[in-house]
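Side chains are part of it too, since the values below use all heavy atoms of this structure and drop only hydrogens, waters and symmetry mates. Count residues from 1 along the sequence. The structure displayed is predicted, hence computed values, not measured ones.
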Amino acid sequence: MKLAHGTFTWIVTGMLIACGTNPDPVPVSPPPPEAGAPLPFPQVEDNVRHDTLLIQTTFDLLDGTFVMVASNVNETFEGVRLIHYRPLPDSAAGVIATSSPGYDSWTMLPTFHATPDPDERLILANFGERESWGQKLMTFDHGFEDIGFLDVALPVRETENDTLVLKRRDIGPYARTAHVGDTLTITFATDSVYLYEGLHNDHDIVLPSHKVRYTLDRSGVLMLWVGGAHAALPLSPV
């Protein structure tokens, strides 16, 4: 049936009015973080003054304390460290704990992971200069305790001077941790991983990520697994 012109105008106008009175959409909550992914502690601007420290970056632990990556203003062999601190009213840093040094590394960039103990965190700290040398594994509560070293990086192919080259990047943000019983397992949410040292004196190899994992049991033994084979790693990190 054909509608009169006036009737059509009324219907369209009514629709526009109805649309304009709809309530605002309800905000959608972001999805929960992926299980085992790094804790989302934000990187923030420097919030303390320290005459002897050169601060690279600072993480807000959201409990009134912070972790900075810093080295001495005057370059030393020890290089960078992680420093857990609380800002003081005079803008000084009330140091709570300091990690072992990164020695000749230029970077010691941490990612933080939850553990079954709510007062403890697991840290994977990327070591390197222009590229990653791997990850130092440590626990962190009121202090830093070294556990071992993961000779693993993220392989990325980049173009340099019209040539495709393989670069080794920080794999820390892609690390996924899981605790089953008394065993910690570390896997990687990537297509492939770069191993500086495998199980059989093989070096500098790229493997599918599903074949590589690390475990740490209650006795403190850090283990590298490649497929079904495994080997214990030294407890003292490099």
Side-chain angles (χ1 to χ4, degrees), residues 27-73 75-76 78-103 105-129 132-150 153-154 169-179 184 186-190 216 237:
V28 178
S29 299
E34 182 181 346
L39 297 168
F41 294 144
Q43 289 179 261
V44 297
E45 296 293 330
D46 300 350
N47 55 8
V48 294
R49 296 194 311 269
H50 204 295
D51 295 338
T52 64
L53 290 179
L54 180 63
I55 301 172
Q56 288 188 4
T57 189
T58 302
F59 292 85
D60 185 351
L61 302 190
L62 307 178
D63 62 356
T65 70
F66 298 79
V67 166
M68 70 169 77
V69 181
S71 59
N72 290 324
V73 171
E75 187 175 347
T76 64
E78 285 77 13
V80 293
R81 296 176 185 266
L82 303 182
I83 300 174
H84 184 210
Y85 70 97
R86 188 183 305 276
L88 300 178
D90 61 356
S91 297
V95 175
I96 301 169
T98 302
S99 77
S100 59
Y103 294 106
S105 294
W106 291 359
T107 62
M108 194 174 175
L109 192 64
T111 51
F112 304 83
H113 294 262
T115 73
D117 182 347
D119 295 324
E120 181 183 66
R121 298 287 183 262
L122 191 73
I123 290 179
L124 283 170
N126 177 67
F127 274 43
E129 290 186 7
S132 174
W133 296 343
Q135 304 279 327
K136 177 182 276 192
L137 175 66
M138 63 184 83
T139 56
F140 166 63
D141 43 26
H142 300 296
F144 299 90
E145 181 180 354
D146 293 346
I147 301 297
F149 199 83
L150 281 54
L154 175 68
R169 302 304 187 197
D170 179 9
I171 204 169
Y174 304 93
R176 301 294 182 263
T177 59
H179 295 82
L184 162 71
I186 302 173
T187 55
F188 305 98
T190 60
L216 179 70

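Here the side chains of D146 and S99 are not in contact, with every heavy-atom distance at 4.5 Å or above. In this structure, the side chains of F140 and L82 stay at 4.5 Å or more apart for every pair of heavy atoms. Between L61 and R121, every side-chain heavy-atom pair lies at or beyond the 4.5 Å cut-off. Using a 4.5 Å heavy-atom cutoff, the side chains of T139 and I123 are not in contact. Side-chain contact check for L150 versus I171: every heavy-atom pair is 4.5 Å or farther apart. Side-chain atoms of S132 and R169, non-hydrogen and from C-beta on, never get closer than 4.5 Å to each other. Looking at heavy atoms from C-beta onward, N72 lies in side-chain contact with L53 at the 4.5 angstrom threshold.
Here the straight-line distance linking atom OG1 of T57 with atom CD of Q43 works out to 3.5 Å at 0.5 Å rounding. The structure places CD1 of I147 at 9.5 Å from CE of M138, a figure rounded to the nearest 0.5 Å. Atom-to-atom distance recorded for R49:CZ and L88:CG is 11.0 Å, nearest 0.5 angstrom. Between R81 atom CZ and Y103 atom OH the span is 7.5 Å, to the nearest 0.5 Å. Of the inter-residue distances, the one linking I96 atom CD1 with H142 atom NE2 reads 9.5 Å to the nearest 0.5 angstrom.
The two residues N47 and P87 make their nearest non-hydrogen contact at ND2-CG, 3.8 Å. Scanning all heavy atoms of the two residues, the minimum distance from L62 to D60 falls at N-OD1, 2.8 Å. Nearest heavy atom pair, residue P38 against residue G172, reads CG-O, 3.9 Å. Taking both residues in full, the closest heavy atoms of P110 and V69 are given as CD-CG2, 3.7 Å, listed atom of the first, atom of the second, then distance. S71 approaches V80 most closely through the heavy-atom pair CB-CG1, 3.8 Å. Listed here is the closest heavy atom pair of T107 and Q56: CA-OE1, 4.1 Å.
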| request: Begin from the C-alpha positions of K136 and S100 and carry the test side-chain hydrogen bond (donor to acceptor under 3.5 Å, both in side chains) through to its verdict. | output: CA-CA 10 Å; K136 177 182 276 192; S100 59; 2.8 Å; yes

| Given the rule in the side chain to side chain contact (heavy atoms under 4.5 Å, CB included) test, do D170 and L109 qualify, once you have shown the distances and angles that lead to the verdict? | CA-CA 9 Å; D170 179 9; L109 192 64; 3.9 Å; yes

| side chain to side chain contact (heavy atoms under 4.5 Å, CB included) between L137 and L124, intermediate numbers included | CA-CA 5 Å; L137 175 66; L124 283 170; 3.8 Å; yes

| task | Step by step, work out the side chain to side chain contact (heavy atoms under 4.5 Å, CB included) result for M108 and F127. | result | CA-CA 5 Å; M108 194 174 175; F127 274 43; 3.6 Å; yes

| request: Run the numbers on I186 and L216 for side chain to side chain contact (heavy atoms under 4.5 Å, CB included), then give the verdict. | output: CA-CA 9 Å; I186 302 173; L216 179 70; over 6 Å; no

| request: Determine, stepwise, if the pair D63 / T65 fulfils side-chain hydrogen bond (donor to acceptor under 3.5 Å, both in side chains). | output: CA-CA 6 Å; D63 62 356; T65 70; 2.6 Å; yes

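Annotation for F41: atom CZ counts as buried by contact number, over 12 foreign heavy atoms lying within 6.0 Å. The neighbour count for E45 CD, taken as heavy atoms of other residues, nucleotides or ligands under 6.0 Å away, does not exceed 12.
Although no hydrogens or angles enter the test, the distance criterion places a donor-acceptor pair under 3.5 Å between the side chain of D141 and the main chain of G143.
Between F66 and Y85, the ring planes lie parallel to each other; the angle is under 30°, not in the 30° to 60° tilted range.
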